[in-house]
Protein chains: 2
Amino acid sequence: MRPNKRDELVRKALEIFYRDGFNATGMDRLVVETGVSKTSMYKHFRTKEDLILAALRLRDENFRNWLFRECENRADTPEAQMLAMFDALAAWFAQDGFRGCMFIKASAEFQDKAHPINVQAAEHKRLLLNWLTGLAQQAGFAAPESLAMQLLLLKEGAIVAAAMLGIDGPAQEAKQAARVLLDHAPGSR
Amino acid sequence: MRPNKRDELVRKALEIFYRDGFNATGMDRLVVETGVSKTSMYKHFRTKEDLILAALRLRDENFRNWLFRECENRADTPEAQMLAMFDALAAWFAQDGFRGCMFIKASAEFQDKAHPINVQAAEHKRLLLNWLTGLAQQAGFAAPESLAMQLLLLKEGAIVAAAMLGIDGPAQEAKQAARVLLDHAPGSR
DNA sequence: TCGAATATGTACTGATCTGTACACTAAAGG
DNA sequence: CCTTTAGTGTACAGATCAGTACATATTCGA
């Protein structure tokens, strides 16, 4: 049995969508670049939208797993892990082919809030927010939701700024800001 | 002489691009929605790209003027104006038809860093950063560039979060975070 | 060896895309 | 009055879009 052509298709489609955008990438080019025949593509995914959704699901899984693991590897306490997130981001920004956040892009290209792609992109951000909230709770902060949202703002801002203004600066400044916020947040740590 | 059909075209194109996206909006639909004939459109703008650039120029002018004025109207000192920016943002988020930042979207749809549209979008962010740096300098902070970048991260993060997760929360949390950052930034105010 | 499943290649449909061609109209200004 | 300028309307070219049709090939378990 082949190692699931379908998974490989999604993996490559993800790569191409991330690099070139959703609307700007036609199915014909996906056929050429993935090497999967058009017939097979449409057997696995009834529409382009379905393929995009599958790619976003994979991206969500990959990105969150990567980020959580990075934070765990870089720090032991929940508070230190929140701070370490910005080191992980800095490493990501420095990678070849960094192009910003795929979910922000997806939300930008499919603006309708009822559109499945928009819904799924928003869900990704919500999951990250929940994760940060959990860490803030574990760390014993008095207002974990508030702190989590503030750190999320720094993270999203850093991604946008790194993608638009260059990777030097945003991640470092985000971390410095996060340290100040953590140091002065109310709570009985 | 008519009140400049060209300006009206750019104004309406801006509105439509903001609402529906760049790649998703065809010239044929612009013809219908603006009421300007296709011949005229292509007489004023040689390509769709030129029209997008003109729309972005107008947006940049409008947005920066609006933001600067809002901050001046809401506060007197440079430091207070930096904080007031987040109140202005909150008001923007609450407006009907709020769809996030047009320049982030433009940068998402035209990812190539050498592309004129990407260049212009980045320039908008750079101008905002410079403005914040100026305010931080006037306010007498010791590291104005650093503080300005941190506030920019909060601003961009708030816009993204408001567009994706809902308008309640991001602006308020961004302001709270900004207050903490301002209160604990080094400098002889 | 048969049959089901999964793949391929390619030509096609009908829509939509950006941009052009061409003939026409309205009006202002010297 | 006549030229210039700015506009209209529409048909079209050539490319590309998402998605389908159809005939063929490969693989693998029963």
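Throughout, protein chains are lettered first and strands after them, A, B, ... in sequence-line order, and every chain is numbered starting at 1. Atom set for the values below is all heavy atoms of this structure, side chains included, hydrogens, waters and symmetry mates excluded.
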I need the [atom1]-[atom2] distance between [X] and [N], as an integer number of Å.
X: B:Lys5; N: C:dA26; atom1: NZ; atom2: P; result: 14 Å
X: B:Asn23; N: C:dT16; atom1: CG; atom2: C1'; result: 13 Å
X: B:Met27; N: D:dC17; atom1: CE; atom2: P; result: 18 Å

Pairs under 3.5 angstrom, nitrogen or oxygen only, protein versus nucleotides 12-14 of chain D, please.
none

For this session: Please work out which residues in residues 40-55 of chain B have a non-hydrogen atom less than 4.0 Å from an atom of DNA chain C and list them by number.
Result: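 Residues of residues 40-55 of chain B under 4.0 Å from DNA chain C: B:Tyr42, B:Thr47, B:Lys48.
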For this session: Output, in order, the C-alpha distance, side-chain angles, deciding distance and verdict of salt bridge (Lys or Arg N to Asp or Glu O under 4.0 Å) for B:Glu8 and B:Lys5.
Result: CA-CA 5 Å; B:Glu8 200 190 324; B:Lys5 207 102 183 174; 5.3 Å; no
Exercise. When the ring planes of B:Phe110 and B:Phe22 are compared, do they come out parallel, tilted or perpendicular, using 30° and 60° as the limits?
Worked result: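 Because their plane-to-plane angle is over 60°, the rings of B:Phe110 and B:Phe22 count as perpendicular.
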Is the count of non-hydrogen atoms from other residues, nucleotides or ligands lying under 6.0 Å from [X] atom [atom1] greater than 12?
X: A:Arg19; atom1: CZ; value: yes
X: B:Arg29; atom1: CZ; value: yes
X: B:Arg126; atom1: CZ; value: yes

For this session: Spell out, yes or no, whether A:Leu135 and A:Leu127 are grouped together once hydrophobic residues are joined by side-chain heavy atoms under 4.5 Å, including indirect joins.
Result: no
For this session: State plainly whether the residues B:Glu156 and B:Lys125 are in salt-bridge range, i.e. N to O under 4.0 Å.
Result: yes
Problem set entry | From A:Glu109 atom CD to B:Asp20 atom CG, the distance as rounded to the nearest 0.5 Å | 13.0 Å
Problem set entry | Option passing ring-ring contact (aromatic ring centres under 6.0 Å, His included) with A:Phe63 (candidates A:Trp92, A:Phe103, A:Trp131) | A:Trp92
Problem set entry | From D:dG7, D:dT10, C:dG9, nucleotide with atom closest to A:Thr39 side chain |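 So the side chain of A:Thr39 is nearest to C:dG9.
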For this session: Apply salt bridge (Lys or Arg N to Asp or Glu O under 4.0 Å) to the pair A:Asp60 and A:Arg64, showing each step before the final yes or no.
Result: CA-CA 6 Å; A:Asp60 171 58; A:Arg64 289 211 332 278; 2.5 Å; yes
For this session: Compute the bend angle of the helix from C:dT1-D:dA30 to C:dG30-D:dC1 from the end axes (five pairs per end), rounded to 10°.
Result: 0°
